[in-house]
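Step one of this worksheet: look at the structure below.
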Amino acid sequence: MEIAYRPESEALREEIRAFCRDEVPEEFKRAVRHEGEIEGEDSRRWLRMLYEKGGWSAPGWSRELGGPGWTYEQQYVFERELALNDAPRVPLFGAGMIGPAIIEFGSRALQEQFLPAILKGEILWCQGYSEPNSGSDLASLQTSAVRDGDHYVLNGTKMWTSDGHHADWMFGLFRTDNSGKKQHGITVLLVDMRTPGIELRPILTFDGGHETNQTFFDDVRVPVGNRLGEEHLGWTVAKYILGLERFGTAEVSRSQSSLARLKRIARDQPSSGGRLVDDEDFADAITEVELELRALELTEQRFLFGPGGPDAMGAEASMLKIRGTEVQQRITELTAEALGYYSQPFVPEQLAEGYNEEPVGPTPAGYAARSYFNMRKTSIYSGSNEIQKNIIAKAVLGL
Amino acid sequence: MEIAYRPESEALREEIRAFCRDEVPEEFKRAVRHEGEIEGEDSRRWLRMLYEKGGWSAPGWSRELGGPGWTYEQQYVFERELALNDAPRVPLFGAGMIGPAIIEFGSRALQEQFLPAILKGEILWCQGYSEPNSGSDLASLQTSAVRDGDHYVLNGTKMWTSDGHHADWMFGLFRTDNSGKKQHGITVLLVDMRTPGIELRPILTFDGGHETNQTFFDDVRVPVGNRLGEEHLGWTVAKYILGLERFGTAEVSRSQSSLARLKRIARDQPSSGGRLVDDEDFADAITEVELELRALELTEQRFLFGPGGPDAMGAEASMLKIRGTEVQQRITELTAEALGYYSQPFVPEQLAEGYNEEPVGPTPAGYAARSYFNMRKTSIYSGSNEIQKNIIAKAVLGL
Amino acid sequence: MDFSLSEEQTIFRDSVARFVAEEYPFDRRQALVAEEPGYDGAHWRRFAELGWLAATLPEDYGGLGGTPVEGMLLAEQFGRGLVMSPYLATVVLGANAILHGGSEDQKRTLLPQVAEGRLKLAFAFAEPQSRYDLNDVATTARGEKSGYRIDGHKGVVFHAASADRIVVSARTAGDSRDPDGISLFLVDAKAEGLEARHYPTQDGGRASELRFDGVRVGAEDRLGEPGTEGSALPVIERVIDHAIASVCAEATGAMWAVYEQTLTYLKTREQFGRTLGSFQALQHRMVDVYMKCELAQSMVYEVTLHLDVPDAVVRGRAAASAKYEVGRNARDVGQEGVQLHGGIGMTFDLPIGHYLKRITMINSSFGDPRHQLRRYQHLSS
Amino acid sequence: MDFSLSEEQTIFRDSVARFVAEEYPFDRRQALVAEEPGYDGAHWRRFAELGWLAATLPEDYGGLGGTPVEGMLLAEQFGRGLVMSPYLATVVLGANAILHGGSEDQKRTLLPQVAEGRLKLAFAFAEPQSRYDLNDVATTARGEKSGYRIDGHKGVVFHAASADRIVVSARTAGDSRDPDGISLFLVDAKAEGLEARHYPTQDGGRASELRFDGVRVGAEDRLGEPGTEGSALPVIERVIDHAIASVCAEATGAMWAVYEQTLTYLKTREQFGRTLGSFQALQHRMVDVYMKCELAQSMVYEVTLHLDVPDAVVRGRAAASAKYEVGRNARDVGQEGVQLHGGIGMTFDLPIGHYLKRITMINSSFGDPRHQLRRYQHLSS
């Protein structure tokens with residue numbers, strides 16, 4: 001048993017800290033500190049920077065593939081130190097999800113076309129999974145891909161196309177056969193988002209943000225060569241991709257950063273003639289979530305670095321997702337609560353650089369409540385927490 | 001809208017307070033103050049006292065039947081003031097449950113045999129419902145009653161025969177027909193507990209107490225005349241009895257008394273060189289349950305005295321049972337917690353009158369943890385809280 | 001003990017419900033809150049015509065003499081329909097400040113104008129450092145020969161942009177957290193030296209930062225009879241308890257709407273070939289939602305039926321306990337409503353998230369649940 | 001970072017598990033705790049023979065030099081089997097008091113006797129007024145010519161009836177809550193002036209009230225090298241952190257047992273023609289139970305792996321956070337275990353309620369979750 005990092009991880013940790021301190025642009029860190037994300041051109045720039053550090057844009061890739069060739073522990077440390085030092089996330093869809101799937105299932109042509117581009121961060125991806133009538137029950141999807149010579153012709157609509165409005169390519173699940181079991185007859189296609197017949201409708205979330213979209217397909221023609229894996233057997237690819245996410249499911253280090261910000265806010269906020277952090281009940285609420293977070297952090301570490309390592313982790317990952325989102329939600333809720341009346345103003349523009357009207361309330365007034373509202377999504381997306389409990393009940397408990 | 005009692009209820013309230021102060025024996029109040037119950041001969045004595053006050057032993061009965069002829073509000077006040085003034089409960093099985101059922105379904109002979117005796121408190125009853133293999137699914141019961149001339153012959157076993165070891169009579173559900181739907185073929189019989197072939201095995205609860213039993217029936221002969229209602233149609237009688245419990249499901253006033261005791265204990269207990277009640281987090285826990293209890297109290301009052309009165313209450317009663325037991329459990333848990341190390345000694349005998357060894361810890365040390373453990377039963381018995389949620393989901397929510 | 005509505009109250013409630021259903025459908029609501037002033041002036045005139053603005057005011061001052069129950073019924077329906085208007089600012093806060101703090105003359109002059117819809121008010125009592133403490137007033141009103149000079153910063157003043165006059169708490173004596181020395185003033189919204197920064201709130205409402213820089217008011221603009229200077233804290237507390245009753249009723253209306261909409265969704269949405277409502281885990285959670293709605297409803301009665309008791313401690317305990325219980329339960333119900341809707345519950349186009357926003361804003365108004373728990377304890381000890 | 005057991009540790013754990021399964025079945029356990037002394041002396045000798053009493057003691061003092069991980073594994077299995085014995089009192093509390101507080105001579109004399117099972121100890125540190133504050137010591141030890149005279153009342157001293165010698169905290173200087181001035185003494189269990197009231201505890205354990213009325217001990221009976229009088233509080237804190245680690249592991253073992261037994265019950269018990277485990281609402285609650293077990297398990301590692309760090313603040317934070325998290329989760333799991341079993345879960349004859357009792361007693365030992373939350377805050381500020 002050893003609770004400390006190995007020396008090579010410690011070394012990497014120092015390197016990433018220095019990188020975050022010296023190289024990550026201030027405006028990126030600023031977005032993160034406001035509980036926000038970078039997107040679009042900023043994401044491309046960020047991926048390029050990471051790539052130039054030595055393939056950090058693809059932290060799980062081997063040296064042969066152009067990645068950094070890190071151990072699991074180093075990958076863990078990498079994700080963690082970025083978060084703890086207010087750097088943006090590494091966009092997952094490319095090197096974290098579709099990249100490995102292309103390595104595993106893709107033709108030589110697809111590999112040559114996409115892998116170097118993914119590594120260099122030249123492509124932003126989106127995911128085409130959910131549909132209006134298939135949310136939790138993903139396999140019931142109906143957007144069709146009908147073979148027509150060298151092409152598939154797509155018709156239907158996808159929901160929750162996150163970052164679709166910035167994406168160059170989509171990897172999506174399409175129905176090529178409806179005659180069998182619903183998991184059969186699904187095919188994975190890589191779709192150029194500029195193909196005629198694709199239309200995006202923004203879906204605003206109730207906090208007022210635009211992160212996701214509905215995607216309409218009207219006779220969209222995709223070359224057969226863009227198929228990933230066997231026709232009709234795309235469910236296998238989808239499950240492979242799902243199993244890739246090993247690090248950061250619990251968002252522990254992002255939550256640690258948010259918690260540190262919450263504590264600062266509680267020190268700054270006035271209460272009863274003193275500071276909010278000195279109100280015992282508010283301090284207790286903070287400590288409670290801090291200890292929940294510590295228990296979660298250790299649990300993630302136990303799962304990752306216990307017997308068998310990260311590859312041995314199965315449905316336990318569902319637990320990390322459930323508890324991780326609960327903790328995130330609690331921290332953002334407390335942050336809004338900390339601001340009292342100043343959680344109410346809706347003036348997001350005052351966070352922007354160069355804003356020069358008189359600000360309303362302290363800085364967090366610009367994001368606290370919105371972030372709380374926005375975070376409600378986390379227990380719904382990527383398989384709702386109810387679905388995750390079903391998974392655990394079946395796979396871990398055998399019920 | 002009127003939140004105050006009517007004058008006749010206020011008058012009764014004063015009368016009951018005086019009764020509790022001046023007439024209820026100290027040893028009864030002592031048991032209640034130790035979160036205990038009276039039983040056996042004490043219950044008989046208590047019922048007799050209540051009867052002599054003017055039929056208070058049967059608070060829901062009309063004047064014609066020998067009861068006090070109270071309004072619903074007065075019945076509510078009666079139950080409440082007994083609890084608030086540390087008087088024992090009125091045993092429910094007789095005048096509250098089987099009495100009305102005999103009035104509704106019983107033959108003239110049964111009415112003459114039992115009603116005056118119930119009113120005078122001459123009979124202690126027990127209930128014969130659950131069986132080892134029919135807990136939540138009551139209608140699946142299998143203890144058989146086979147007709148043999150003028151008798152039914154009973155064979156099988158009943159579980160959870162509460163107070164069976166003090167009871168003179170049982171009203172029970174028995175299987176007379178197995179051919180149809182499980183709710184059909186159930187018959188209600190009144191069984192003299194001294195009949196040969198009945199054997200009781202005590203079931204101890206894990207807190208160490210003896211309140212309930214398993215009852216074995218081995219060729220027990222019950223006269224056909226002791227049947228209540230139609231043969232095979234006993235489910236109707238059982239549902240009628242179930243619907244009778246209108247007052248006190250939520251145990252609000254009992255919880256108010258327990259809460260007052262908890263507050264006293266928290267004032268007496270030392271902590272951090274001061275008093276436990278001055279620890280903000282413990283005080284908060286007490287206030288939280290106090291406010292939960294107030295919300296529950298008002299909810300019960302709204303259900304009872306809203307449009308339609310108590311008779312309009314349906315599955316809402318299930319809510320009172322769920323929340324009421326949650327509050328009870330919370331209060332007893334906090335009481336044990338308040339004692340710190342002195343929740344640990346298991347010395348129940350030190351509560352007895354005349355105990356003259358040196359006591360261990362403060363008085364509540366004798367009952368606090370046991371009461372917490374014992375109260376875990378409340379969310380299980382009388383239809384577990386899970387079953388109550390099923391009932392609400394179906395009957396109120398229409399799911 | 002009787003928790004039934006009278007026939008008149010039932011008719012009143014139904015007429016408000018009809019207005020909300022017919023005149024304030026969700027898409028109309030969204031269009032209104034997206035533009036200034038955040039509500040429809042024609043609606044406001046209807047409120048006046050229908051007697052809703054007058055409903056809870058005494059007959060002596062142009063009101064209809066209704067009880068707090070009428071205010072509760074109105075707010076509940078507003079909550080169900082997410083109705084955003086200056087009702088809370090004008091009638092609940094502003095008019096109650098005048099009613100409980102004003103001189104006979106002020107009441108006779110101003111309240112009929114409120115009842116008729118001719119006068120809109122706002123109540124500026126909170127400050128950046130005060131959080132939820134009503135006694136924490138740093139704004140000063142210094143006596144001058146013919147009146148007062150007001151200086152200070154009032155924060156998150158609801159609907160100040162619509163108000164004709166603003167009731168402002170300011171200190172005529174004492175230190176910034178002194179219970180004594182606070183007075184209330186009527187300030188013209190266009191007064192010189194009053195600088196306002198108006199903004200929308202998360203829930204589509206409106207609020208403002210008001211900075212008073214040497215704003216001059218006359219002696220007659222101080223609320224109350226002569227000789228009452230510096231004694232306004234009990235008035236402020238009473239006004240805020242009225243606001244608590246109102247927003248508790250509003251939150252409970254919102255909770256019932258969430259309950260109904262979520263239940264409908266569970267009954268119709270299918271996944272895995274079954275309606276969501278057939279899944280027992282969701283059924284039990286929906287039962288919890290139902291129970292929380294009922295508990296909150298009970299606490300709305302608690303505060304409403306104790307609003308006019310003479311004993312301020314009894315009233316305050318009822319208000320604190322209601323705000324606490326309603327707040328906690330409303331938060332849970334709002335969150336569960338979104339969760340049980342799944343992805344669609346996150347969208348801007350569905351009402352469900354907007355209920356959570358309104359509930360959250362109510363929780364951070366007039367003292368959040370934590371503050372109310374503490375207040376209840378202080379009033380009980 | 002590596003959270004795997006070594007091969008030796010795995011073998012050690014399995015051998016303890018085998019003992020518990022074979023020698024300590026539930027009915028045997030119930031028979032043992034129903035009679036004095038509450039455990040089987042033959043078991044205790046087996047513990048010594050198998051090296052369990054020596055496992056965590058340093059080799060210099062007759063131990064096997066194991067790490068805190070061995071102590072964790074032992075306590076976990078004891079928790080699974082509800083093993084009641086003087087292990088906690090003797091090895092965790094008593095021996096650690098000597099190890100961390102004693103003089104070299106005391107360690108060399110006494111610890112080998114513990115390792116060999118020839119000496120049983122108890123640790124008398126709590127008092128009726130002290131609740132969980134280790135610095136709150138009213139018992140006095142007044143210096144006399146050849147030693148000390150001890151007067152006071154120690155409460156709920158675990159397994160004092162079995163102990164040969166009792167380690168007692170007493171004040172040689174200062175006021176009753178002073179961090180300084182506390183010393184530890186070795187008192188013979190049969191000392192004159194020591195009056196004991198022995199009793200069982202809720203969970204089948206044993207404890208005592210000890211009253212010291214002029215109990216005389218020699219100067220050599222004070223723990224520690226000469227000149228260390230009055231400085232025992234850090235030792236007591238360290239000992240209690242060892243006890244916290246031990247009972248956290250024990251509680252987690254109990255939680256896993258509750259999880260497994262409840263899961264088995266849900267998979268076999270039928271109602272309404274289906275197994276209980278097929279009801280989704282119960283499935284989701286059982287998932288919560290599972291997750292709480294995992295979280296508690298992690299916090300057992302937290303305290304165990306920080307037990308020997310030199311920084312007392314780091315150790316204390318780990319202990320406080322573990323006791324808090326394990327305590328809350330264990331309570332929930334214990335309660336759910338009973339609830340999900342239904343009526344049968346309430347019976348004395350099933351283990352499930354006895355797990356809840358043991359968990360509850362652990363929670364009220366060495367500082368309950370509330371106390372630990374506060375302690376964590378103090379150590380963090």
Side-chain angles (χ1 to χ4, degrees), chain A residues 130 132-137 139-140 159-160 202-212 269-273 276 279 281-282 285 329 333 336-337 339-347 350 357-362 365 369-370 372-374 376-377 379-381 384-387 389-390 393, chain C residues 126 128-133 136 155-156 158 176-177 195 197 199-205 207-209 211 269-273 276 279 281-282 285 331 334-335 338-354 356-357 360-361 363-365 367-371 373-374:
Chain A
S130 298
N133 290 311
S134 62
S136 297
D137 183 11
S140 69
M159 280 295 275
W160 318 120
I203 301 177
L204 298 190
T205 44
F206 71 81
D207 58 280
H210 175 207
E211 299 170 355
T212 193
Q269 280 299 302
S271 178
S272 311
L276 181 61
D279 283 2
D281 58 348
F282 200 85
Q329 291 179 338
E333 184 178 356
E337 201 188 317
L339 291 176
Y341 280 107
Y342 284 103
S343 63
Q344 301 204 20
F346 183 80
V347 195
Q350 77 184 37
E357 272 188 78
E358 176 192 27
V360 175
R370 288 193 73 187
Y372 161 47
F373 298 137
N374 184 264
R376 302 313 302 173
K377 73 188 175 193
S379 51
I380 293 171
Y381 68 21
S384 70
N385 285 10
E386 290 76 29
I387 294 290
K389 288 193 180 179
N390 288 347
Chain C
Q129 83 294 342
S130 68
R131 200 169 174 87
Y132 301 123
D133 290 347
D136 190 327
V156 197
F158 297 135
S176 88
R177 293 180 54 82
E195 198 188 316
R197 164 86 157 90
Y199 48 81
T201 50
Q202 300 283 342
D203 52 0
S208 309
E209 300 299 293
R211 283 167 204 271
R269 171 77 172 173
E270 294 194 8
Q271 293 278 278
F272 304 103
L276 286 180
F279 288 92
L282 304 189
R285 285 169 59 176
R331 184 211 52 170
Q335 291 180 350
V338 171
Q339 181 70 22
L340 291 173
H341 270 82
I344 204 79
M346 282 302 301
T347 61
F348 195 84
D349 290 346
L350 213 71
I352 202 79
H354 299 274
L356 176 58
K357 289 199 287 188
T360 307
M361 296 304 105
N363 271 356
S364 65
S365 299
D368 63 12
R370 276 179 219 287
H371 174 88
L373 188 78
R374 193 74 54 235

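Reminder, nothing fancy here: chain letters follow the sequence lines and each chain counts from 1.
Residues A/Pro270 and C/Pro128 share a closest heavy-atom pair of CG-O, 3.7 Å. For the pair C/Phe272 and A/Asp137, the tightest heavy-atom approach, listed with the atom from each and the gap, is N-OD2, 3.1 Å.
For C/Ala126, the part lying under 4.5 angstrom from a heavy atom of chain A is the side chain only. Contact of C/Tyr199 with chain A is made through the side chain alone, with heavy-atom distances under 4.5 Å. Contacts between A/Leu276 and chain C at a heavy-atom distance below 4.5 Å involve the side chain alone, from C-beta outward. Using a 4.5 Å cut-off between heavy atoms, A/Asn390 does not touch chain C at all. At a 4.5 Å heavy-atom cutoff, C/Ile352 makes no contact with chain A through either its backbone or its side chain. Looking at A/Glu357, only its side chain comes within 4.5 Å of chain C, counting heavy atoms on both sides.
To the nearest 0.5 Å, the span separating OH on A/Tyr372 from CD on C/Gln335 amounts to 4.0 Å. Note that the CE atom of C/Met361 and the OH atom of A/Tyr341 stand 12.0 Å from one another [nearest 0.5 Å]. For the atom pair CD (A/Gln344) and NZ (C/Lys357), the distance works out to 12.5 Å, reported to the nearest 0.5 Å. If you take CD on C/Gln202 and CG on A/Asp207, they are separated by 8.5 Å, rounding to the nearest 0.5 Å.
Of the listed residues C/Leu276, C/Thr347, C/Asp133, C/Asp203, the one with more heavy-atom pairs under 4.5 angstrom with chain A than any other is C/Thr347. Of the listed residues A/Ser271, A/Ala369, A/Gly273, A/Ser140, the one with more heavy-atom pairs under 4.5 angstrom with chain C than any other is A/Gly273. Note: C/Arg331 leads C/Glu270, C/His341, C/Arg331 in heavy-atom pairs under 4.5 Å with chain A. Ranked by heavy-atom pairs shorter than 4.5 Å toward chain C, the options A/Ile380, A/Ile203, A/Val347 are led by A/Ile380. The most heavy-atom pairs under 4.5 Å with chain C, out of A/Ser272, A/Pro132, A/Pro362, A/Ala285, come from A/Ser272. Most heavy-atom pairs under 4.5 Å with chain A, from the set C/Leu373, C/Thr360, C/Asp368, C/Asp136: that is C/Thr360.
Although no hydrogens or angles enter the test, the distance criterion places a donor-acceptor pair under 3.5 Å between the side chain of C/Arg197 and the main chain of A/Glu358. Panel note: side chain A/Lys377, backbone C/Met346; no donor-acceptor pair is recorded below 3.5 Å.
By the 4.5 Å heavy-atom criterion applied to side chains, C/Arg370 and A/Asp279 are not counted as neighbours.
Checking A/Tyr342 against C/Glu209 by side-chain atom types alone, a donor-acceptor pair falls below 3.5 Å.
Partner of C/Gln339 under the side chain to side chain donor-acceptor pair (under 3.5 Å) criterion, chosen from A/Arg376, A/Glu386, A/Gln329: A/Glu386.
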